[in-house]
Colleague: 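My questions will all concern the structure given below.
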Amino acid sequence: MVREELTVRLNDEEYKNWLKAGRCLLILKDGLLPFTDGQMRAFHGDLLNQHGLLRRPCETSTCKPRGNKLVPACRVCSEWQKVILRHHRQPDVTIHWTNCFPPDWRTDHWELAKAYMPRGQAKAKGADQCDAAALLNLINYCKWFSGVDPKLVRQVIQCRNELMHSCEFRVKDDWMRRYRTALKHFVQQLSSVAHMTAVGKQIEDMLTVDLSICVSGVDRLDSAGHPDSVSEQEASAESVSRWEAELLQEVLQECLHAADEEDEDATTHDTEQLKRLQGFLQANKDLGERFSSELQAIDCLGIKGEEED
């Protein structure tokens with residue numbers, strides 16, 4: 001039944017585009033994990049070497065943001081805040097201090113990294129617990145990543161946001177071409193990072209594979225000599241179904257988190273996205289069963305999907 005329903009969904013070319021584009025984000029995220037983690041370790045160490053005050057522990061052990069403002073803060077955490085802003089490419093934008101636990105800035109490089117990320121990263125204890133948007137924003141905003149053109153990063157971020165907030169979970173071929181170019185140029189910026197070449201190849205393979213063929217079993221990709229390509233085993237119906245679930249899970253979690261925010265405008269937008277997502281999951285029995293607990297969470301927020309015609 002899962003295979004049959006997935007096959008039906010993949011008969012929609014624009015939904016298939018959406019799924020492939022989302023899978024590319026997951027591939028990119030996995031590639032960025034070791035890169036961003038290593039860079040932030042180096043950045044953190046450099047800050048400690050340059051600023052003696054930063055090597056001292058928090059003077060209260062209780063400094064924490066309140067209403068996204070880091071006040072009052074002790075002398076050490078105040079210095080950390082100044083240094084973080086000094087290395088921020090756009091210090092005038094909203095800094096999500098609520099991502100951070102300031103007393104840990106001295107000892108935890110990832111606690112520092114989260115100051116350059118979008119909201120909702122407070123519970124993330126490492127790069128492996130962050131999504132592609134968090135890692136891309138880190139690279140975009142933190143001056144330590146001086147070897148990457150922020151314009152190219154922002155192009156990928158824009159595509160990612162358009163994809164994740166697509167009203168119908170569908171994107172057109174023209175959009176896919178723009179997305180492909182943005183990913184290619186961004187990955188090329190990281191060509192000196194050994195494993196990113198393989199990541200670029202995996203992304204290219206995903207963008208060119210016909211998922212409907214892989215799911216139906218009519219044809220298989222010839223991946224001989226290309227260990228990083230989408231192989232027969234990787235492109236099974238079970239794998240495609242898993243990729244779909246991972247992407248939908250990310251959309252769900254982002255919307256559910258946003259729905260709890262105090263920002264009325266943001267909440268209204270994300271509530272509408274939740275309604276559409278709820279309707280989509282309920283219209284597909286296999287997805288409705290897989291995400292039953294998330295659908296219950298949506299109901300608890302008092303959000304009701306639109307009635308089927």
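For the single chain, residues carry numbers from 1 onward in sequence order.
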Colleague: Pairs under 3.5 angstrom only: tabulate donor-acceptor contacts from the side chains of residues 183-193 to other protein residues two or more places apart or in another chain.
Modeller:
from	atom 1	to	atom 2	distance (Å)
Gln189	OE1	Asp149	N	2.7
Ser191	OG	Gln188	O	3.2

Colleague: If we ignore angles and hydrogens, is there a donor and acceptor under 3.5 Å between the side chains of Thr98 and Arg66?
Modeller: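 Checked: Thr98/Arg66 side chains show no N/O donor-acceptor pair below 3.5 Å.
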
Colleague: Does the side-chain contact (heavy atoms from CB on, under 4.5 Å) test come out yes or no for Phe145 and Tyr116, once each step is laid out?
Modeller: CA-CA 12 Å; Phe145 296 91; Tyr116 300 96; over 6 Å; no

Colleague: May I ask you to say whether Glu244 pairs ionically with Lys16, meaning some side-chain N is under 4.0 Å from a carboxylate O?
Modeller: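 Lys16 and Glu244: not salt-bridged.
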
Colleague: How far does CG of Leu48 sit from NE2 of His44, to the nearest 0.5 angstrom?
Modeller: 4.5 Å

Colleague: Going by the rule side chain to side chain contact (heavy atoms under 4.5 Å, CB included), which residues pair with Arg75 if we only count those two or more places apart in sequence or in a different chain?
Modeller: Leu53, Arg56, Glu59

Colleague: Is the distance from the ring center of Phe280 to that of Phe291 below 6.0 Å?
Modeller: no

Colleague: Check side-chain hydrogen bond (donor to acceptor under 3.5 Å, both in side chains) between Asn284 and all other residues, then give those that pass, not counting sequence neighbours.
Modeller: Arg9

Colleague: With sequence neighbours excluded, tell me which residues meet ring-ring contact (aromatic ring centres under 6.0 Å, His included) with His96.
Modeller: none

Colleague: With sequence neighbours excluded, what pairs up with Ala115 under the side chain to side chain contact (heavy atoms under 4.5 Å, CB included) test?
Modeller: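 Per chain and number, Ala115 pairs via side chain to side chain contact (heavy atoms under 4.5 Å, CB included) with Ile84, Trp97, Cys100.
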
Colleague: How many angstroms lie between atom CG of Leu152 and atom CD1 of Ile157, to the nearest 0.5 angstrom?
Modeller: 11.0 Å

Colleague: Which residues pass the salt bridge (charged side-chain N to carboxylate O under 4.0 Å, His left out) test with Arg180, sequence neighbours left out?
Modeller: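 Arg180: salt bridge (charged side-chain N to carboxylate O under 4.0 Å, His left out) contacts with Glu204.
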
Colleague: Can you list every pair that meets ring pair (Phe, Tyr, Trp, His ring centres under 6.0 Å) and has a residue in residues 47-69, with sequence neighbours left out?
Modeller: none

Colleague: Does any pair with a residue in residues 28-43 pass side chain to side chain donor-acceptor pair (under 3.5 Å), and if so which ones, sequence neighbours excluded?
Modeller: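 Every pair satisfying side chain to side chain donor-acceptor pair (under 3.5 Å) with a residue in residues 28-43: Asp37-Arg41, Asp37-His109, Gln39-Trp144.
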
Colleague: Do Arg89 and Cys142 have side-chain heavy atoms sitting under 4.5 Å apart?
Modeller: no

Colleague: Between atom CG of Leu25 and atom NZ of Lys20, what is the distance when rounded to the nearest 0.5 Å?
Modeller: 14.0 Å

Colleague: With sequence neighbours left out, write down each residue that passes salt bridge (charged side-chain N to carboxylate O under 4.0 Å, His left out) with Arg55, or none if nothing qualifies.
Modeller: none

Colleague: Just by distance, do the side chain of Lys64 and the backbone of Phe101 share a donor-acceptor pair under 3.5 Å?
Modeller: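 The answer is no, because no donor-acceptor pair under 3.5 Å joins these two groups.
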
Colleague: Output yes when a side-chain donor or acceptor of Asn137 lies under 3.5 Å from a complementary backbone atom of Ala133, and no otherwise.
Modeller: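 Checking the backbone N and O of Ala133 against the side chain of Asn137, a donor-acceptor pair under 3.5 Å is found.
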
Colleague: Is the shortest distance from a Lys or Arg side-chain nitrogen in Arg178 or Asp174 to a carboxylate oxygen in the other one below 4.0 Å?
Modeller: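 The answer is no: the pair does not qualify as a salt bridge.
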
Colleague: Name all residues meeting the side-chain hydrogen bond (donor to acceptor under 3.5 Å, both in side chains) criterion together with Thr60; count only those two or more places apart in sequence or in a different chain, and write none if there are none.
Modeller: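 Thr60 satisfies side-chain hydrogen bond (donor to acceptor under 3.5 Å, both in side chains) with Thr62 once adjacent residues are dropped.
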
Colleague: Determine, stepwise, if the pair Arg23 / Glu246 fulfils salt bridge (charged side-chain N to carboxylate O under 4.0 Å, His left out).
Modeller: CA-CA 9 Å; Arg23 177 59 187 165; Glu246 289 175 354; 3.7 Å; yes

Colleague: Apply side chain to side chain contact (heavy atoms under 4.5 Å, CB included) to Val8 and list each qualifying residue two or more places apart in sequence or on a separate chain.
Modeller: none

Colleague: Salt bridge between Lys285 and Glu5, side-chain N to carboxylate O under 4.0 Å?
Modeller: no

Colleague: Is a side-chain donor-acceptor pair under 3.5 Å present for Asp131 with Gln253?
Modeller: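 Side-chain D/A pair, Gln253 to Asp131: absent.
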
Colleague: So, Asp46 versus Gln50: side-chain donor-acceptor pair below 3.5 Å or not?
Modeller: yes

Colleague: Are Trp80 and Leu112 side-chain neighbours, meaning at least one heavy-atom pair lies under 4.5 Å?
Modeller: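 Side chain of Trp80 against side chain of Leu112, heavy atoms only: contact under 4.5 Å found.
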
Colleague: Side chain to side chain contact (heavy atoms under 4.5 Å, CB included) with Asp108: which residues, sequence neighbours excluded?
Modeller: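 Residues passing side chain to side chain contact (heavy atoms under 4.5 Å, CB included) with Asp108: Asp104, Trp110, Glu111.
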
